[in-house]
Engineer: 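Here you go, one structure.
Quick caveat, the model's predicted, so the values are computed rather than measured. Sequence lines set the chain letters: A, B, ... in the order given, protein chains first and strands last, and positions in each chain run from 1.
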Amino acid sequence: VIALYQSKKWTFVSYLVALVLMAPILVMLVGGISAQAELFEHLWQTVLPTYLENTLLLALFVVSLALFFGVTSAALISYTDIAFKAKLRWLLLLPLAMPAYLIAYLYTDLFDYAGPVQRTLRAYFSWQSPNDYWFFDIRSLTGAAFMLALVLFPYIYMLTRGAFEQQDQNLLRASRLLGLSTKQSFFKVALPLARPAIAIAASLVLMETLADFATVQYFAVNTLTTAIYDTWLGYGDLAAANALASVLMLLVLFVVLAEQRTRSGIRHQSARPSVKRELVKLSFIGQLLASTFCWLLVVLGFLLPVSLLIAMAIDYSDAEQLSILIEIGFNSLKVSVIAATIAVVIALLLGLYQRLHAHKYAQVPQRISGFGYAVPGTVLAMAMLSTFGPLDHWLNDFAIFIGFPAPGLVLSGSLFAIVFAFIVRFSAVANGTIDSAIKNIPQSLDYAPASLGMGLTKSLTRVHMPLLSPAILVAWLLVFVESMKELPAVLLLRPFNFETLSSQIYQLISDEMLEQGALGAILIVLFGLLPIVLLNKHKER
Amino acid sequence: MLKDTKQKVWADEVYINFPNQNNRGAHINISGIAMAKYAPNTKNARTLMEFLVSKPAQQLYAQTNMEYPVREGVDVSPLVASWGTFKADVLPLEAIAKNRKMALKLIDKAQFDL
């Protein structure tokens with residue numbers, strides 16, 4: 001590969017963008033580690049060990065449950081003749097569109113002491129009080145783990161199914177010829193071969209779990225994310241909140257490193273899906289059990305909660321709700337459109353930089369900017385506050401010094417901080433989509449325009465951009481949808497009187513009045529469906 | 001909630017209980033307003049503040065928002081009045097605010113939230 005261009009300016013801008021994106025996190029880490037946080041010591045001596053324990057237990061439970069749900073369903077879809085396979089194949093992806101805090105609320109309504117399930121049971125068996133019977137408590141650590149696993153398992157299902165379907169069937173046949181039963185060959189060959197994919201999916205689930213705020217907050221399960229939130233808003237102590245965020249950050253860093261290690265092993269997979277897969281014929285009982293398992297996941301993770309939301313919307317929506325929805329929907333649109341547009345521009349800048357400057361370090365800026373995806377929204381919010389807060393003060397002092405009126409909190413108290421946080425968090429999504437599209441452009445198309453005497457700008461606008469436009473659209477939509485859904489960063493960074501769809505739904509959930517926001521909740525789920533449909537189409541092609 | 005036939009049944013089940021009645025009285029949370037020292041539009045701010053404590057505005061607080069008005073001579077809404085009177089805690093909010101951090105620490109120490 002010959003590098004076509006050696007633009008110093010481009011190099012400089014690429015590194016600058018990547019560093020600016022990551023700078024707030026560095027500022028927070030430095031602030032968190034060096035601060036003399038007297039409060040941190042107090043927290044460490046009182047509640048922090050429990051928060052840490054809750055965080056780790058939750059992560060363990062969610063990952064185990066999601067692995068059980070995801071790997072089992074993937075195996076059933078890929079290697080058995082389960083009924084309605086074509087339907088289940090994509091239905092099992094749908095729970096991904098459901099925010100965990102929404103099903104947490106809906107299932108609490110359903111299964112709580114005052115909910116219809118327990119009421120019916122009490123009426124039927126004429127129990128009088130909670131002492132007369134045992135019923136699981138949904139508002140607990142285990143309950144939260146179930147909620148999170150129900151909406152996160154599709155990550156594992158999707159990647160594991162992909163791995164199963166790409167597997168070299170000759171290996172499985174060889175193992176059968178060597179005398180293994182179908183069951184043995186699945187557990188000894190197919191499953192170990194899928195291990196790298198499963199590990200990557202599990203680390204995604206782990207990151208999402210560590211980032212969750214609203215579900216655990218609603219269930220009053222205190223974890224590191226809720227502790228950061230409480231320390232900042234309750235104590236108003238930036239240093240201690242930073243220290244907590246740094247602890248969470250280190251946990252996440254550990255997961256990222258572990259994930260990258262497993263990625264390096266993925267090359268052992270040889271993709272030769274040409275030979276037809278041998279399907280296990282399920283007995284009647286087996287068919288029944290397998291179908292129940294998969295359909296339960298679809299129903300509990302998506303169909304039931306969506307039906308409950310629609311019923312709520314039919315019962316309670318009115319003109320007033322609609323007008324509020326339009327107003328805050330517009331707010332959400334505004335921040336998400338800006339964030340998506342900038343993230344795509346950055347992804348193009350860094351992606352094309354890497355492509356056209358084909359040297360060893362050309363991928364460094366993209367790698368750096370992609371790291372933000374692992375950072376939980378609460379941590380990002382603290383990073384924004386600890387960077388832009390002082391910067392704002394400095395700006396104001398400077399303005400007054402040179403005789404201008406003080407501009408106020410233009411960075412930390414405006415939409416700037418929210419948009420910045422979104423871009424840091426979701427740049428990786430845009431990077432991934434655009435980067436794989438760039439890699440699909442044959443290298444000769446870089447050289448041909450140049451050999452015909454076309455300049456760089458012309459070659460980019462007339463050759464690369466048109467080829468990349470579908471990927472640009474997909475990347476834009478993915479960042480847009482993620483931004484519409486993001487909650488904790490908005491909660492901590494939004495200016496006064498500024499609500500987005502997700503923050504308003506969270507507010508209504510905290511006030512136990514979700515029915516007032518059912519329409520907005522349905523809207524968020526619909527937006528969440530968008531990337532699933534897109535990615536599904538993308539993959540089938 | 002009261003206008004919704006389904007939810008009214010739930011609302012009717014609620015039993016209003018004022019806490020601490022044999023002791024120092026129930027704590028009252030207030031909606032306050034203050035002007036920032038360097039506020040740019042002091043005149044308008046003052047007009048707004050004066051309006052908010054005026055009789056018509058306080059009546060809105062009482063009738064629409066179901067709050068206890070801060071102004072003497074403004075009646076509480078009939079619904080709130082039907083809950084009866086209660087003994088209020090007279091500890092000033094300044095004292096409460098001053099001890100806020102200590103209280104939070106005590107909550108942590110007692111592991112109240114766990």
Side-chain angles (χ1 to χ4, degrees), chain A residues 38-54 57 109 112 114-116 119 140-141 216-217 219-223 226-227 229-237 240-241 244 311-312 314-318 320-321 396 400 405-409 496 511-516, chain B residues 1-17 27 29-45 48-49 51-52 60-61 63-67 79-80 93-114:
Chain A
E38 164 260 341
L39 185 63
F40 187 76
E41 236 160 78
H42 157 79
L43 291 173
W44 183 244
Q45 280 159 8
T46 52
V47 282
L48 199 51
T50 319
Y51 293 175
L52 207 58
E53 188 191 316
N54 281 348
L57 273 181
D109 239 20
D112 228 12
R119 248 187 298 142
S140 60
L141 187 89
V216 284
Q217 170 89 348
F219 280 180
V221 176
N222 286 305
T223 63
T226 63
Y229 187 84
D230 291 343
T231 307
W232 173 231
L233 291 183
Y235 284 105
D237 191 319
L244 286 173
M312 258 185 195
I314 291 172
D315 272 1
Y316 292 102
S317 348
D318 48 28
E320 193 197 333
Q321 218 190 100
N396 279 288
I400 290 167
L409 302 175
F496 289 118
D511 295 344
E512 304 277 345
M513 306 201 298
L514 181 62
E515 70 271 6
Q516 301 295 328
Chain B
M1 209 172 175
L2 291 172
K3 288 176 206 136
D4 187 307
T5 44
K6 189 174 150 206
Q7 295 195 350
K8 187 167 184 317
V9 187
W10 308 339
D12 288 341
E13 292 288 307
V14 175
Y15 172 72
I16 306 279
N17 178 33
H27 166 71
N29 229 351
I30 61 157
S31 316
I33 186 167
M35 200 195 304
K37 197 169 171 185
Y38 298 109
N41 306 311
T42 41
K43 217 180 134 212
N44 285 343
L48 175 69
M49 290 165 89
F51 167 71
L52 286 176
L60 283 177
Y61 272 111
Q63 302 300 330
T64 315
N65 226 20
M66 304 288 165
E67 291 189 38
L79 178 72
V80 176
L93 277 175
E94 289 94 330
I96 291 173
K98 222 161 105 192
N99 289 304
R100 179 186 154 83
K101 203 166 172 179
M102 231 156 74
L104 280 171
K105 282 190 170 177
L106 201 60
I107 288 173
D108 285 344
K109 219 176 240 167
Q111 312 223 320
F112 181 78
D113 271 344
L114 297 179

Engineer: Any non-hydrogen side-chain atom of B:Asp108 less than 4.5 Å from a side-chain atom of A:Tyr235?
Structural biologist: yes
Engineer: Below 4.5 Å from any heavy atom of chain B, which atoms of A:Asp315 appear? Answer side chain, backbone, both or neither.
Structural biologist: side chain
Engineer: Name the region of A:Glu515, side chain, backbone, both or neither, that has any atom closer than 4.5 Å to a heavy atom of chain B.
Structural biologist: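 Answer is side chain: those atoms of A:Glu515 sit under 4.5 Å from chain B.
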Engineer: Kindly indicate whether the side chain of A:Leu39, heavy atoms from C-beta on, has any atom under 4.5 Å from the side chain of B:Lys105.
Structural biologist: yes
Engineer: Tell me if the NZ atom of B:Lys109 is crowded by more than 12 foreign heavy atoms within 6.0 Å.
Structural biologist: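 No, because the 6.0 Å sphere around NZ of B:Lys109 holds 12 heavy atoms or fewer from other groups.
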Engineer: Side chain, backbone, both or neither: which part of A:Leu43 has a non-hydrogen atom closer than 4.5 Å to chain B?
Structural biologist: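 The side chain, not the backbone.
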Engineer: Using the salt bridge (charged side-chain N to carboxylate O under 4.0 Å, His left out) criterion, which residues pair with A:Asp511? Sequence neighbours excluded.
Structural biologist: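 Once residues adjacent in sequence are excluded, A:Asp511 has no partner under the salt bridge (charged side-chain N to carboxylate O under 4.0 Å, His left out) criterion.
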Engineer: Looking at B:Arg100 and A:Leu233, what are the two nearest heavy atoms and their distance?
Structural biologist: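 Taking every non-hydrogen atom into account, NH2-O, 3.8 Å.
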Engineer: About how many Å separate OG1 of A:Thr50 and CD of B:Gln111, when rounded to the nearest 0.5 Å?
Structural biologist: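 The CD atom of B:Gln111 sits 5.0 Å away from the OG1 atom of A:Thr50.
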